[in-house]
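See below for the structure under consideration.
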Amino acid sequence: MRDRPLLLSVALGSVSALLLVVVLAPVLVVIAGSFLNTAFLGISSERWVAGGESELVTFKWFGYVLNLYRPQLTFGVQLALWNVALCLLIGVPGGCALVRRAFPGCGILEDLLLLPLSIPGITVSIGLLQAYSMIRGKWGLLLAGQLLYTLPFMVRSVTSTLRAHDHAALERAAHSLGAGFWRTWWLVTLPNLRHALVVGSLLVFAVSFGEFNVSFLLNTPLYQGFPTALYATYTTNSFQVSSAATTLFLLVIVPVLLVIQALGGRESTKIEQGA
Amino acid sequence: MTKNIPALLAAAAAFALPALAQEKTVIQYDCIPNYANWGGVTALYLKETGVRVPPDPKGSSATMAALEKEQANPQADVAYYSGAIGFQATTKGLHQPYKPKGFDQIPADLKDPEGKWWTVHTGHIAILVNVPALKGKPVPKSFADLLKPDYKGLVVYSDPTVQGTAFTFVYGINAIMGGGPDMAKGFDYLKRLDANILAYPREDSYNDLVRGEVPIWINADGNGLKAKHVDKAPIETVVAEEGTIVMPLVMAMVKGAPRGDEAKKYLDWLLGPSAQKTMAESFFRPVMPVDLGPDLASKFPPASAYSKARTLPLDQMAANADAVKARWVKEIKGSR
Amino acid sequence: MREGLMLFPLLFVVVVLLLVPLGTLGWSSLREPGAAGGWTWENYARFFASASARRALGNSLGISLGVAVVSTLLCLAPAWLLAGRDFRGKRWVRAILTLPMAFSGIIIGFLTVIMLGRIGVVPRAFEALTGLDWLQGAAYGFGGILVAYLYFEIPRATLTLEAALRKFDPRWTMAAATLGASPWQRARLVTLPLVLPALLSTFAVTFGASLGSFGVVLVISRRVSLTPLQIFDEVFAFSNFEAAAAMSVVLVVLGFAMNFFLRGLASRLLAHRA
């Protein structure tokens with residue numbers, strides 16, 4: 001490797017640096033815009049001046065956003081928690097059973113489970129609305145739509161952990177020592193999955209909280225996730241209000257992503273096909 | 001860590017449960033915070049009564065389409081439209097009659113005699129200009145000015161198949177240009193204007209106008225005046241020299257409203273003095289006689305500015321609405 | 001039996017929440033609007049007869065292809081570094097590059113307007129420096145949409161490539177070098193064939209994600225329209241579910257076709273090498 005041309009290293013490094021700047025710069029501008037007067041920033045012709053006074057720094061727009069969109073923020077978090085709970089209840093036993101290939105067709109089921117990740121969210125939401133129009137207006141449909149996009153993350157987290165280690169051998173050992181099926185599952189399988197479950201839950205939370213494609217048409221007036229509120233501020237409010245709302249979103253989502261990175265490192269590559 | 005997990009789960013569950021029981025609400029379709037100050041009006045209602053009316057981004061026509069689709073299972077309690085679309089929705093049987101307190105004081109031509117719709121305030125079609133965004137180009141004074149090559153890519157009006165204000169403009173420009181029932185002069189103008197159009201957004205463009213992303217927005221006068229006087233943005237509101245259209249903005253109660261009692265209380269309140277004055281704070285003219293105080297009244301343009309304003313019959317507009325929208329999609333949007 | 005019990009909820013989700021709605025979508029795309037309607041091809045006929053619908057579909061395919069190519073090539077750089085080298089701050093690099101993963105399209109649309117809009121940061125700075133307003137409103141053209149979609153694909157492309165490149169053993173190129181291959185020969189004959197499947201799968205992932213996304217254009221659509229946005233319009237503005245269903249089916253079928261084509265290509269390349 002010593003003969004690797006220096007030129008190549010420089011090229012790789014500078015393209016990577018460019019991408020880092022492209023990703024980070026707008027985020028920093030938005031965070032700055034949420035509390036700095038945008039007229040001073042020079043990116044807006046507006047002067048949001050209250051009572052003839054111009055303040056350089058103000059946090060009042062966070063108050064404005066929370067006042068107007070608190071229901072969306074609260075419900076968005078609640079919805080994400082419901083997703084985590086259902087994914088744990090459905091995805092964990094399901095993932096374990098999938099790995100054992102207990103039935104013919106398990107492979108197809110696994111493929112179908114990952115299918116939503118390659119279908120546009122808006123088409124899935126229209127299908128759900130058409131098929132179950134009688135329960136339109138309840139948030140069950142919104143939860144159902146999101147579940148299709150969150151469940152694959154939990155199931156993949158579980159199956160890849162079980163497949164990576166020779167888990168079947170462990171279970172056989174437990175059986176030979178006289179442990180029953182459920183006892184083995186509870187005492188051997190689940191503890192081994194601890195890490196996968198934590199990372200999977202965080203992923204599910206992040207995906208659900210930020211999901212817009214499938215959620216937007218399934219929203220009801222009473223039950224909407226936070227990205228819908230973001231969209232409303234982008235069209236009908238000022239730059240500062242939009243920035244404050246986006247910063248609130250980042251405050252929820254970035255810590256979750258950082259914990260995933262810290263815990264998982266390599267695990268995060270499993271979300272490669274995420275919506 | 002492992003020991004804490006059950007406690008963590010319990011806390012999460014305790015937090016997630018209230019999703020089942022929410023605070024009192026009334027659902028209003030078409031409730032855009034920076035249109036006619038609905039943000040201020042609903043915030044005041046929340047403060048006075050504890051009932052929340054969440055923001056809703058639909059325009060008039062999108063509201064009508066949603067109500068039509070939900071007839072079997074209504075979601076909304078009340079709806080807000082520009083007059084023509086509200087009238088059209090009434091003819092489709094989407095509203096139930098209700099006469100809120102103060103209904104009798106509304107002039108007869110601004111309400112349905114049975115109470116299937118009534119006006120809450122009126123506005124006028126105007127040209128809203130972000131002056132610095134023009135970078136020294138003169139502020140247009142008329143609809144004819146907007147055709148000048150100077151303004152190429154600077155002009156926006158919303159998609160009239162979604163937003164009622166834009167529909168009122170698309171329909172009314174024919175009358176302003178002196179056209180007849182075939183709408184030829186109106187569509188001729190719109191076709192020539194298309195060369196200067198930046199976009200036909202389906203959403204409200206208040207944010208973009210105030211920021212300067214949209215330099216010229218054809219919309220209601222009150223929104224431009226609010227941008228200038230309340231949000232202190234460099235916005236000029238131009239009433240075109242050729243004249244303008246009077247636009248009544250109406251409320252109606254949705255047939256089968258799931259929260260009917262709360263809806264009625266809210267509709268009563270909207271005609272009361274506190275709500276009417278809050279609407280006037282974004283420079284839409286309240287339908288009820290309400291004292292604005294000298295400061296606010298002086299910020300309204302003088303009556304002389306509206307000497308050439310026309311009132312179009314809502315029933316005719318409503319009857320032709322679908323045809324005009326379809327023609328607009330075919331001849332204007334479809335040609336892009 | 002016990003496995004059946006564990007599997008059943010999963011099966012329920014797949015059948016009731018996925019297969020039934022997708023079936024309904026196909027069914028209603030063949031129905032006349034209204035409850036009393038019969039069977040018809042009309043929804044598809046109208047879609048393909050409409051010039052603006054065809055143009056939007058062309059835009060969707062063109063932009064998705066362009067973004068897939070550009071993002072795959074650009075993200076090769078950070079993926080190569082993350083997979084093959086150790087350096088300080090590696091975790092931070094990965095954390096930053098994966099940040100857009102949790103951003104829905106609307107957020108990216110908003111960020112694009114802030115940076116590249118008429119009064120965006122970049123055009124403003126460019127004008128202040130050079131006096132030229134060439135970049136003004138760049139967000140709203142094809143260029144702006146490309147940049148926005150690229151933003152959205154950076155994490156997907158980087159992570160997919162990194163995972164694939166980690167399997168790549170650099171000793172093979174070293175072996176080629178000791179056998180006297182020139183750097184160009186090594187790249188063409190050893191590295192490229194080994195990396196190509198990874199490139200193709202990344203291409204497939206990014207293409208699929210771009211084709212289905214509509215949040216970005218929902219915020220920055222000006223002159224350019226895309227199919228997912230038109231689907232959204234049919235439902236949001238007109239509540240015309242039948243037309244929307246037909247457009248959805250077209251989009252899903254095209255996405256699948258591309259996916260199968262790329263998979264086939266990848267396996268053929270692998271077979272060829274073996």
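Convention: sequence-line order gives letters A, B, ...; per-chain numbering from 1.
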### Query
Just wondering, more than 12 heavy atoms not from B/K135 lying within 6.0 Å of its NZ?
yes
### Query
Using non-hydrogen atoms only, which part of C/N240 is less than 4.5 Å away from chain B: side chain, backbone, both, or neither?
neither
### Task
Pick one of side chain, backbone, both or neither for B/D159, based on which atoms fall under 4.5 Å of a heavy atom in chain C.
neither
### Message
I'd like to know whether CH2 of C/W134 has more than 12 heavy-atom contacts from other residues, nucleotides or ligands below 6.0 angstrom.
### Response
no
### Query
Measuring heavy-atom distances to chain C, does B/K58 have an atom under 4.5 Å in its side chain, in its backbone, in both, or in neither?
both
### Query
Are side-chain heavy atoms of B/R202 and C/L218 found at a separation under 4.5 Å?
yes
### Query
Checking heavy atoms, do the side chain of B/E203, its backbone, both or neither come under 4.5 Å from chain C?
side chain
### Query
Taking every heavy-atom pair that is under 4.5 Å apart, which of B/P201, B/G59, B/P215, B/G153 has the most such pairs with chain C?
B/P215
### CZ (C/F256) with more than 12 external heavy atoms under 6.0 Å
yes
### Task
Give the minimum heavy-atom separation between B/R211 and C/V113, together with the two atoms involved.
NH2-CG1, 3.1 Å
### Query
With side chains defined as the heavy atoms from C-beta onward, is the minimum distance between C/R118 and B/L154 less than 4.5 Å?
yes
